[in-house]
2 protein chains.
Amino acid sequence: MELRDIEIFLTLAEELHFGRTAERLRVSQARVSQAISKQERRLGVALFDRTSRRVALTPVGRRLREDLQQALDLIKAGLARAEAAGLRAGQTLRLGVFGHAGHELRPLVDAFRTRYPGGDVQFGEIYGSDPFTALRTGEHDMNVLWLPIAEPDLTVGPTVLTGGRVLAVSADHPLAERGTASLEDLADNHVVDLGPGAPEYWVESMVPTRTPLGRRIPRGPAARTFHEILSLVAAGHCVHPLGEIAARYNRPPGVVFLPIHDAPTLHWALTWRSTADSPAIRVLAETAADLGPISL
Amino acid sequence: MELRDIEIFLTLAEELHFGRTAERLRVSQARVSQAISKQERRLGVALFDRTSRRVALTPVGRRLREDLQQALDLIKAGLARAEAAGLRAGQTLRLGVFGHAGHELRPLVDAFRTRYPGGDVQFGEIYGSDPFTALRTGEHDMNVLWLPIAEPDLTVGPTVLTGGRVLAVSADHPLAERGTASLEDLADNHVVDLGPGAPEYWVESMVPTRTPLGRRIPRGPAARTFHEILSLVAAGHCVHPLGEIAARYNRPPGVVFLPIHDAPTLHWALTWRSTADSPAIRVLAETAADLGPISL
DNA sequence: ACTCGTTACGAGATTCGTAATTATG
DNA sequence: CATAATTACGAATCTCGTAACGAGT
């Protein structure tokens, strides 16, 4: 018998309804049924009298409920106390972001510091050419990445930023003087090849290989870091789509950022290794969820 | 955090030694290390100060230990109380045996009734042609079967009987007057074919297809039940090896049982579906383990 | 150098969800 | 007949053990 089973038992004892219990615990109704009958089998005694219309605790179940409720409260209190001690001790979270995005996240960081007085956030830089490695090695605790992300070992948390996209073009580029760009303008312009460090579906969502109308967008010379990309763009070798935020804090010589007016809004979410789990990570995720995304 | 983790934490808090903790809980040392570091990660605080020479509780760990110990005691007490209520209510165990083996098991059944006043054992008959179906359908709660048994869904419990084997032969058979038989005598005699209801490795362990010296033992006419087998033997169509117990309570007309002097001792063990689990099953298994096997 | 704790990784067990089934008012 | 509980079964997750490694005396 594990704590999860106990939780299911206690919730059902309260709700007296399998469906509602399942809903409250965010599991399937079948799971509740399975958990309860396993306990009853194991104990050799019915804990609930039930038909498909009525669920009621048996006397044995009633007594068990009292004991287990008390125990569960003790455990939760004890763990909470221990966690609180950890919170006081504090922890520094390494948060990977693109370029200067950390500056935009200041409201989040401030709220985090309020909720977690001992905690701190340190920013690390990440690149589109390699968005996950630092997370997977443990160098970063969390990253802020554009969606969609579908990695089995990573958890996607709340969105912290939303914003548009810009196209980086050389100042000499014919598009430069238009002041704005469309996804169709990408056609027949080379875009930077970010290399094999990032999954194709993810790169494609930012740097498409086809325009919405289906025209090809060739992948041009390779580059890994933000500045390498901008060098290539400045030299006129290619254009490159980026998050709007890249334009906000950079004035690279010879490069112009044009808003892409017809690209869907970009969502940037907190991401972390599913197996990593610490109060700091949870607190930052909760804080971000409560704060909601910051619009650029 | 699950109860298992809490148990590991509490045991380590007591032993202050990973190896001994692992031994006490019958898990690997690695598991203890994993469980503890998972908890510490999750809580964000060290519970033990440890080097490879010394393990000590931190203040946070000391406090947590008190809370969790109390909670675990409550849970254990509550579950024990509920189980005790079930024991009083009693349960009838359907125990599948071959022929009259149930009679030999009376000491076990008596001991079981003593330990489990509300419980009872009902015997059901099983056949070598189909040893597992009644278990799998739930018609029987446990079966007494000869070893070896290697079924992924079944658990093999303590041995309850040990004994020799006999060869059933027709009274007219040349062997009959010898009064004893050897496995080599099986060569060139047909033995009953029990059909496809039992796995070959298991049938083979009782009804071999080769003698120890490698001579063939042909599988003869098919039969399913004990009496069908004896009919075929009586008619002289074949011989058939059986557990010694079959000879003890049967005097079938026209059949003689000859002890097989060179066959290894047979072990008969309690067997049940691994997923089935009830106090009655556990009590019977424990009782059998404590009593030890009954020698025929 | 030896003991003891940790990490990496694969196998096995367990949980869990989906969908079909059964039961009840 | 509609609602709610149960059962069957496959997928995904998690536990756990083995083995190699690292740290400390």
Side-chain angles (χ1 to χ4, degrees), chain A residues 1-9 11-13 15-42 46-58 61 136-139 150-155 273-277, chain B residues 1-9 11-13 15-42 46-58 61 136-139 150-156 272-277:
Chain A
M1 184 121 343
E2 287 296 334
L3 276 191
R4 185 60 168 163
D5 301 306
I6 291 176
E7 212 179 357
I8 291 176
F9 166 73
T11 308
L12 181 62
E15 291 283 351
L16 296 176
H17 187 289
F18 282 70
R20 279 200 299 277
T21 300
E23 206 172 322
R24 251 181 67 179
L25 296 176
R26 316 292 190 91
V27 296
S28 70
Q29 183 174 322
R31 185 73 201 88
V32 178
S33 178
Q34 291 161 358
I36 298 298
S37 39
K38 186 180 81 177
Q39 293 175 65
E40 290 181 328
R41 235 194 355 261
R42 187 156 199 309
L47 300 173
F48 295 92
D49 276 329
R50 50 194 184 278
T51 69
S52 63
R53 287 289 157 188
R54 212 177 51 84
V55 177
L57 274 169
T58 61
R136 293 193 167 120
T137 61
E139 192 192 331
E151 303 294 309
D153 59 332
L154 301 183
T155 298
R273 273 213 318 260
S274 304
T275 55
D277 184 23
Chain B
M1 184 117 346
E2 288 296 333
L3 275 191
R4 186 61 170 162
D5 301 307
I6 291 176
E7 212 179 356
I8 291 176
F9 166 72
T11 308
L12 182 61
E15 292 283 353
L16 296 176
H17 187 288
F18 281 70
R20 279 200 300 277
T21 300
E23 205 172 322
R24 251 181 65 179
L25 297 176
R26 317 291 190 90
V27 295
S28 70
Q29 182 175 320
R31 185 73 200 87
V32 178
S33 177
Q34 291 161 0
I36 297 298
S37 39
K38 188 179 80 177
Q39 292 176 65
E40 290 181 328
R41 238 197 348 265
R42 190 163 194 306
L47 300 173
F48 295 92
D49 276 328
R50 51 195 184 277
T51 68
S52 61
R53 285 289 156 190
R54 212 177 51 85
V55 177
L57 274 169
T58 62
R136 293 193 167 121
T137 61
E139 191 192 330
E151 302 294 309
D153 59 331
L154 301 183
T155 298
V156 175
W272 60 92
R273 272 212 320 259
S274 304
T275 57
D277 184 23

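These numbers were taken from a predicted model, which means no experiment stands behind them. All chains are named by letter (A, B, ...) in the order of the sequence lines, taking the proteins before the strands, and each is independently numbered beginning at 1.
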Legend entry - SB check A:Glu2 B:Arg4 (cutoff 4.0 Å): no
Inset, instruction - For A:Val32, answer base if it contacts any base atom (sugar-phosphate contacts may also be present), sugar-phosphate if it contacts only those atoms, and nothing otherwise; contact means non-hydrogen atoms under 4.0 Å. - result: nothing
Legend entry - Whole-Å distance separating the CD1 atom of B:Ile36 from the P atom of D:dT15: 14 Å
Legend entry - Side-chain heavy atoms of B:Phe48 within contact of B:Phe9, under 4.5 Å: yes
Legend entry - OP1 or OP2 of D:dT6 under 4.0 Å from side-chain N/O of A:Ser33: yes
Legend entry - Length of the line joining A:Arg50:CZ and C:dG25:P, which is rounded to integer Å: 14 Å
Legend entry - Point-to-point distance, once rounded to the nearest 0.5 Å, from CG of B:Asp49 to CG of B:Leu16: 11.0 Å
Legend entry - Distance, rounded to the nearest Å, where B:Arg4 contributes CZ and D:dT15 contributes P: 12 Å
Inset, instruction - Could you check how far CG of A:Asp5 sits from C1' of C:dC16, rounded to whole Å? - result: 12 Å
Inset, instruction - Starting at atom CZ of B:Arg20, determine the distance to atom P of C:dC4, rounded to an integer number of angstrom. - result: 9 Å
Legend entry - Proximity to the side chain of B:His17 - top-ranked nucleotide from C:dA19, C:dC4, D:dA19: C:dC4
Legend entry - B:Gln34, nearest nucleotide to its side chain (from D:dG24, D:dT6, C:dA8): C:dA8
Inset, instruction - Identify which nucleotide among D:dG24, C:dG17, C:dT24 has an atom closest to any side-chain atom of A:Thr51, counting heavy atoms from C-beta outward. - result: C:dT24
Inset, instruction - Return yes if a side-chain donor-acceptor contact under 3.5 Å exists between B:Thr11 and B:Thr21, otherwise no. - result: no
Inset, instruction - Among the candidates C:dC16, C:dG5, C:dA23, find the nucleotide nearest to the side-chain atoms of B:Gln29. - result: C:dG5
Legend entry - Distance in angstrom units between B:Lys38 NZ and D:dC16 P, rounded: 8 Å
Legend entry - Out of D:dA5, D:dT7, C:dG25, whichever nucleotide has its closest atom nearest the side chain of A:Arg53: C:dG25
Inset, instruction - Would you mind reading off the distance between A:Arg41 atom CZ and D:dT6 atom C1', rounded to a whole angstrom? - result: 12 Å
Inset, instruction - Counting heavy atoms from C-beta on, name the nucleotide in C:dT18, D:dA4, D:dC16 closest to the side chain of A:Ser28. - result: C:dT18
Legend entry - Charged N-O contact under 4.0 Å between B:Arg273 and B:Asp153: no
Legend entry - Closest to the B:Ala30 side chain, choosing from D:dA19, C:dA23, D:dT6: D:dA19
Legend entry - Whichever of A:Arg54 and B:Pro152 has its nearest DNA chain C nucleotide further upstream toward 5': B:Pro152
Legend entry - Interatomic distance, B:Leu25 CG vs D:dG17 P [rounded to whole Å]: 10 Å
